[in-house]
Amino acid sequence: MNAMPHSLRRVLTLLALFGVSFAAWSAGADLGQAEQQPTNWTAITMFALFVVFTLFITKWAAAKTKSASDFYTAGGGITGFQNGLAIAGDYMSAASFLGISAAVMASGFDGLIYSIGFLVGWPVITFLMAERLRNLGKFTFADVAAFRFNQTPVRIFAASGTLVVVAFYLIAQMVGAGQLIKLLFGLEYYIAVIIVGALMMVYVLFGGMTATTWVQIIKACLLLGGASFMAFMVLWHFGFSPEAMFAKAVEIKAALAGPAKTAALAAAEAASATATTPEAAAKAAKELATATAMDPEKIGFSIMGPGNFVKDPISAISFGMALMFGTAGLPHILMRFFTVPNAKEARKSVMWATGWIGYFYLLTFIIGFGAITFVLTNPEFLDAKGGLLGGNNMAAVHLANAVGGNVFLGFISAVAFATILAVVAGLTLSGASAVSHDIYATVIKKGKADSASELRVSKITTICLGIVAVVLGIAFEKQNIAFMVSLAFAIAASANFPVLFMSVLWKDCTTKGAVIGGFLGLISSVALTIVSPSVWEATLGNPKGSAWFPYTSPALFSMTIGFVGIWLFSMLDRSERAKIDRAGFLAQQVRSETGIGASGASGH
């Protein structure tokens with residue numbers, strides 16, 4: 001039954017890839033990247049091979065995916081080591097690989113806030129969450145949050161939280177993939193995003209969690225290998241002296257600031273000469289003063305200290321909280337704990353994941369500084385205005401070309417694309433399971449849905465999420481992808497994390513408290529994100545300085561609102577349901593700590 005659509009799908013994909021390759025070849029001149037098109041056949045070939053290879057994995061996985069349990073959690077038959085690599089794969093997303101290296105290239109030392117923040121979230125999961133999640137849950141984190149509560153309201157909240165986080169996270173992946181394919185094939189950005197959306201739907205619809213896990217494991221190994229080689233080549237060039245690399249980066253940044261100062265002075269003088277109103281004259285005078293005060297040497301040294309990216313303490317704390325606690329609220333990461341047979345394997349998978357992720361983030365820092373020294377000085381990678389071809393997010397891809405030539409560029413492009421596809425597949429899977437398992441099976445069908453109909457609903461949701469991801473990916477084209485992911489983390493930290501944390505660890509938490517507090521955290525984090533400069537000004541195009549919320553991340557405020565909301569409404573709750581909720585804590589605690597009664601692996 002599975003074979004026909006798969007073989008057909010594979011043939012169609014191959015045809016599409018050849019079509020894309022032909023389009024790339026014929027569209028060379030339109031995009032200002034014509035000089036790169038003829039040489040990129042190596043990259044395109046490796047890219048095509050990787051996609052076909054992963055589709056074969058999907059076909060193999062589809063044969064094993066027979067029930068809802070197989071589709072969501074690979075039947076609980078993944079080992080701790082495999083799951084650790086898959087979690088690391090989920091975490092080493094486009095934002096980590098492309099976004100952090102781009103942030104380090106642009107802001108220097110400040111780019112490290114992403115690496116540290118993303119990594120520091122893991123001990124929280126190791127000691128507070130991993131074991132309890134595995135013992136209490138079945139398919140989604142809502143199983144854990146709603147364990148002793150009234151199912152309907154908690155699951156509606158959990159599904160809402162999941163879908164909002166997934167939407168923001170998807171934007172970042174789609175933007176990364178779109179820019180990558182645009183750079184590689186010379187296609188229009190929107191066509192590139194549509195291709196990614198279509199491929200992602202194929203993975204998820206047919207392969208489910210088994211395919212997603214294996215694509216993640218293979219991709220994690222390739223990405224760790226590729227990033228290690230890049231970092232090795234960069235350090236080798238400087239005689240394995242990080243100090244020499246930093247000194248060169250400072251020198252280059254200072255050298256680049258010289259022409260920037262000249263251009264800014266010329267623009268300010270021209271504006272001053274043509275100013276016709278007192279306001280315009282004052283504005284031009286201010287710009288002239290700013291340009292005159294620019295010190296290239298100081299700008300060069302600024303990359304070695306904080307302050308380039310997060311400019312005030314509240315933003316720094318808020319941003320750090322989002323990255324640290326958001327990890328423990330990400331639905332596609334939490335879902336991974338249900339793919340292992342027991343709590344011991346869950347703990348083991350976190351240990352492995354933390355090791356791989358920590359090592360990878362060290363490499364991104366070297367790759368970011370490598371991009372300053374190898375990429376920013378090479379006219380081959382710059383456009384007519386001196387900006388990076390394909391935008392700053394492509395720093396790591398250009399560096400691959402600089403240190404390893406065309407073949408390595410092809411390898412890194414293929415791996416970066418596989419990174420995006422696999423992460424997008426995992427995200428879509430968690431979004432689909434929120435709708436089918438939490439809303440359809442538990443809320444609408446009151447727990448009486450059969451496996452086949454639940455699977456059908458999740459596949460319909462997958463298609464809808466794919467379409468939404470494509471539309472949002474096109475709308476947010478210009479954003480730094482690591483930053484877009486940090487917004488997803490802020491929402492996860494404000495909505496999902498407080499509800500999970502309080503429901504598992506606080507005996508007085510009630511259904512009403514969890515749902516109202518959770519929704520307060522969710523709504524406040526989304527609202528503050530929309531009126532922050534990054535969305536209000538950068539994406540919606542409102543004038544600079546008009547954003548209502550001045551800080552980089554809403555987490556400090558929205559997390560507080562979420563936790564206080566849960567505490568306050570639980571304490572005020574004197575209903576009959578609240579008594580049942582509180583009475584259920586002991587049974588939940590015994591199961592979460594011991595695993596007695598936990599759902600086992602459904603098949604190996």
Side-chain angles (χ1 to χ4, degrees), residues 95 99-100 102-121 168 172 250 253 257 260 264 283 286-287 289-291 293-295 297-327 329 361 364-365 368 392 476 478-495 497-498 521 523-564:
I100 294 179
V104 172
M105 183 189 79
S107 312
F109 180 85
D110 260 4
L112 258 185
I113 192 168
Y114 287 111
S115 310
I116 304 294
F118 285 150
L119 183 63
V120 169
F168 270 93
V250 167
K253 281 283 186 180
K283 189 183 173 193
K286 193 179 173 188
E287 283 172 4
T290 309
M294 279 173 75
D295 178 356
E297 201 166 303
K298 197 174 174 187
I299 291 169
F301 269 109
S302 71
I303 63 167
M304 295 311 294
N308 269 353
F309 168 61
V310 180
K311 290 184 167 53
D312 58 282
I314 292 178
S315 282
I317 294 166
S318 190
F319 196 72
M321 282 174 69
L323 300 185
M324 184 171 167
F325 296 109
T327 310
Y361 283 153
T364 55
F365 196 58
N392 271 4
F476 282 80
K478 300 281 186 281
Q479 285 285 348
N480 176 294
I481 49 188
F483 185 71
M484 288 310 302
V485 162
S486 74
L487 295 181
F489 270 72
I491 296 163
S494 310
F497 174 67
I523 292 162
S524 61
S525 59
V526 173
L528 291 175
T529 296
I530 290 169
V531 297
S532 69
S534 53
V535 178
W536 190 254
E537 294 169 15
T539 306
L540 300 178
N542 290 304
K544 205 166 173 58
S546 66
W548 301 354
F549 178 72
Y551 303 112
T552 318
S553 170
L556 179 61
F557 306 92
S558 50
M559 251 182 97
T560 309
I561 291 168
F563 271 110
V564 170

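For clarity, every value in this text was computed on a predicted model and none was experimentally measured. The analysis underlying the following values was restricted to heavy atoms, covering all of them including side chains, and did not include hydrogens, waters or symmetry mates.
- At least one side-chain heavy atom of F549 sits less than 4.5 Å from a side-chain heavy atom of P554.
- The aromatic rings of W536 and W548 are tilted relative to each other, their planes meeting at an angle between 30° and 60°.
- The shortest side-chain heavy-atom distance between I491 and V526 falls under the 4.5 Å cut-off.
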### Query
Would I314 and F557 count as a side chain to side chain contact (heavy atoms under 4.5 Å, CB included) if you check the C-alpha gap in whole Å, the side-chain angles of each, and the deciding distance to 0.1 Å?
CA-CA 10 Å; I314 292 178; F557 306 92; 3.9 Å; yes
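- When atom types are taken as modelled, the side chain of S107 and the backbone of V104 share no donor-acceptor pair closer than 3.5 angstrom.
- At least one donor-acceptor pair closer than 3.5 Å links the side chain of S318 to the backbone N or O of A555.
- Summarising the geometry of I100 relative to G111, their closest heavy-atom pair is CG2-O, 4.1 Å, with the distance given to 0.1 Å.
- Between L556 and I317, the shortest heavy-atom distance links the atoms CD1-CG2, 4.2 Å.
- Residues G326 and A493 share a closest heavy-atom pair of N-CB, 3.6 Å.
- For the pair I561 and S494, the minimum side-chain heavy-atom distance is 4.5 Å or more.
- Between the OG atom in S486 and the CZ atom in F168 there is a gap of 10.0 Å [rounded to 0.5 Å].
- Note: F319 and Y114 meet the aromatic proximity criterion, with ring centroids under 6.0 Å apart.
- Within the 4.5 Å cutoff, the side chain of Y551 has no heavy atoms near those of the S532 side chain.
- Between the CD1 atom in I116 and the OH atom in Y361 there is a gap of 10.5 Å [rounded to 0.5 Å].
- Between T327 and F489 the shortest side-chain heavy-atom distance falls below 4.5 Å.
- Here the shortest heavy-atom pairing between F109 and M304 reads CB-C, 3.8 Å.
- Across all their heavy atoms, K253 and M105 have their closest contact at NZ-O, 3.0 Å.
- In terms of heavy-atom proximity, S525 sits nearest to T529 at O-OG1, 2.6 Å.
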